[in-house]
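Read through the structure below, which is laid out as structure tokens, and then see the notes.
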Amino acid sequence: MKLFVHNFMSSRFLKNVTVGYPLNLVVKQFVEKDIEFDRDNTIVMLDRIQYEALIVAAAAVNQSDRIPREKPEKWDELTDEQLRVFHHLLMNIDVIDGELICPETKTVFPIRDGIPNMLKVDAEK
Amino acid sequence: MASFKVKPEHTGPPDLYYNETEAAKYASNSHITAIQHEMAERALELLALPEGKSGFLLDIGCGTGMSSEVILDAGHMFVGVDVSRPMLEIARQDEDLESGDFIHQDMGLGMPFRPGSFDGAISISAIQWLCHANASDENPRKRLLFFFQSLYGCLGRGSRAVFQFYPENDEQCDLIMGQAHKAGFNGGLVVDFPEAAKRKKVYLVLMTGGVVQLPQALTEDGEESRTQIDNAGRRFVWNSRKNEKVAKGSKAWIEAKRQRQIKQGRDVRHESKYSGRKRKTKF
């Protein structure tokens with residue numbers, strides 16, 4: 001699971017969850033891929049990103065010092081160099097093994113072989 | 001004959017049907033690939049995304065990622081959701097799909113995304129799986145409604161969701177559309193090539209904001225006549241409820257009332273061909 005996906009995921013579909021965002025992320029193993037950098041696509045993606053959740057994701061892979069603490073004012077004013085850092089974080093980091101945890105119900109969703117499993121195996125009582 | 005063929009959704013739940021062998025078969029069948037590709041392209045066209053802008057789309061029931069590939073080719077980004085893990089594993093190994101990502105989830109359990117995540121959603125031959133109960137505690141009606149509600153939540157305002165599916169009968173169509181409308185979507189069916197049994201394709205186009213005209217359906221005879229046959233492939237089920245209601249005082253109304261009172265254990269008159277008739281003026 002790439003880190004940008006984490007930014008959009010929520011456990012609101014569970015019963016009794018009101019916000020369910022951002023999900024806590026536990027990373028046990030990740031690989032770095034090499035996906036082509038595209039300035040426009042990166043900006044489109046960054047426009048949709050919730051910055052607070054991105055910081056959570058960056059912290060989970062110990063890379064929070066690579067991105068600024070505050071959200072940059074305008075994405076399209078950033079240089080390619082700065083955007084590449086975000087691109088790397090969002091697209092290239094692929095979580096192979098780990099867990100997503102609902103912040104409210106503490107339900108654990110395992111990530112195996114890079115695919116997060118959101119099926120509620122023992123839920124729905 | 002198409003009608004003699006067993007539909008896969010009748011044989012069992014999707015996560016069991018699309019096991020390793022079936023998933024591999026599916027991915028390598030060039031006929032399926034070509035059709036899926038064509039339908040995904042049409043679905044993307046029906047989404048009517050702003051030209052020249054890259055969007056972020058949801059691919060529901062992405063399977064091995066054939067439709068996702070179409071999304072990428074059109075310059076958009078995507079996240080795919082499917083209930084079959086073997087299918088997703090094949091999709092993840094595909095290098096063409098590297099820039100997207102996949103999530104293992106059952107549609108009926110809801111879409112696991114925060115509000116306003118996507119610019120649109122497409123789904124190719126997936127929604128009909130939701131119309132069948134695979135366990136005693138599964139209620140297709142509830143699952144459909146919950147699916148549509150959670151989908152409505154994670155789409156941006158003014159965006160669309162397009163579902164291609166093969167409806168079995170009108171009841172199934174009505175069920176799916178009814179639940180979609182209940183969840184707040186506007187929209188209806190677009191039927192391409194309604195006259196051709198094999199080429200006929202049904203798309204459910206759902207919109208999140210305002211009443212917008214449905215896109216035109218494709219028909220057999222090229223561009224020219226397409227403008228002439230205006231309503232050929234359109235069908236709205238806006239007021240299916242209204243049609244169901246019987247007029248007060250009519251024979252059907254009297255019979256319904258009689259049945260209701262029998263149920264309540266009241267003493268009622270027997271059924272008669274005379275009930276509801278007008279008396280002759282001479283009487």
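Predicted model, so just to flag it, every value in this text is computed and none were measured.
Here the closest non-hydrogen pair linking B/R92 and A/G114 is NH1-O, 3.3 Å.
Considering CZ of B/F56 and CD1 of A/I49, their distance stands at 8.0 Å, rounded to 0.5 Å. Between the CZ atom in A/R48 and the OG atom in B/S117 there is a gap of 9.5 Å [rounded to 0.5 Å].
The closest side-chain heavy-atom distance from B/F113 to A/F13 is not below 4.5 Å. Side-chain contact check for A/Q50 versus B/R114: some heavy-atom pair is nearer than 4.5 Å. Counting only heavy atoms from C-beta outward, the side chains of B/P115 and A/R12 approach each other to under 4.5 Å. Side-chain contact check for B/F102 versus A/V5: every heavy-atom pair is 4.5 Å or farther apart. Put simply, the side chain of B/I103 reaches to within 4.5 Å of the side chain of A/M9, judged on heavy atoms. Looking at heavy atoms from C-beta onward, A/M91 lies in side-chain contact with B/S99 at the 4.5 angstrom threshold.
Neither the backbone nor the side chain of B/F147 has a heavy atom closer than 4.5 Å to any heavy atom of chain A. For a residue to count as touching a neighbouring chain, one of its non-hydrogen atoms must lie under 4.5 Å from one of that chain's; by this rule A/F4 touches chain B with the side chain only. Heavy-atom distances place no part of A/D38 under 4.5 Å from chain B, backbone and side chain included.
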| message | For A/M118 and B/L109: C-alpha separation, side-chain torsions, deciding distance, then whether side-chain contact (heavy atoms from CB on, under 4.5 Å) applies. | response | CA-CA 9 Å; A/M118 303 305 283; B/L109 296 179; over 6 Å; no

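With chain B as partner, the option from A/D113, A/I111, A/I115 having the largest number of non-hydrogen pairs under 4.5 angstrom is A/I115.
Using a cutoff of 4.0 Å between basic side-chain nitrogens and carboxylate oxygens, A/D40 and B/K53 are not scored as salt-bridged.
A donor-acceptor pair shorter than 3.5 Å cannot be found between the side chains of A/N117 and B/R85.
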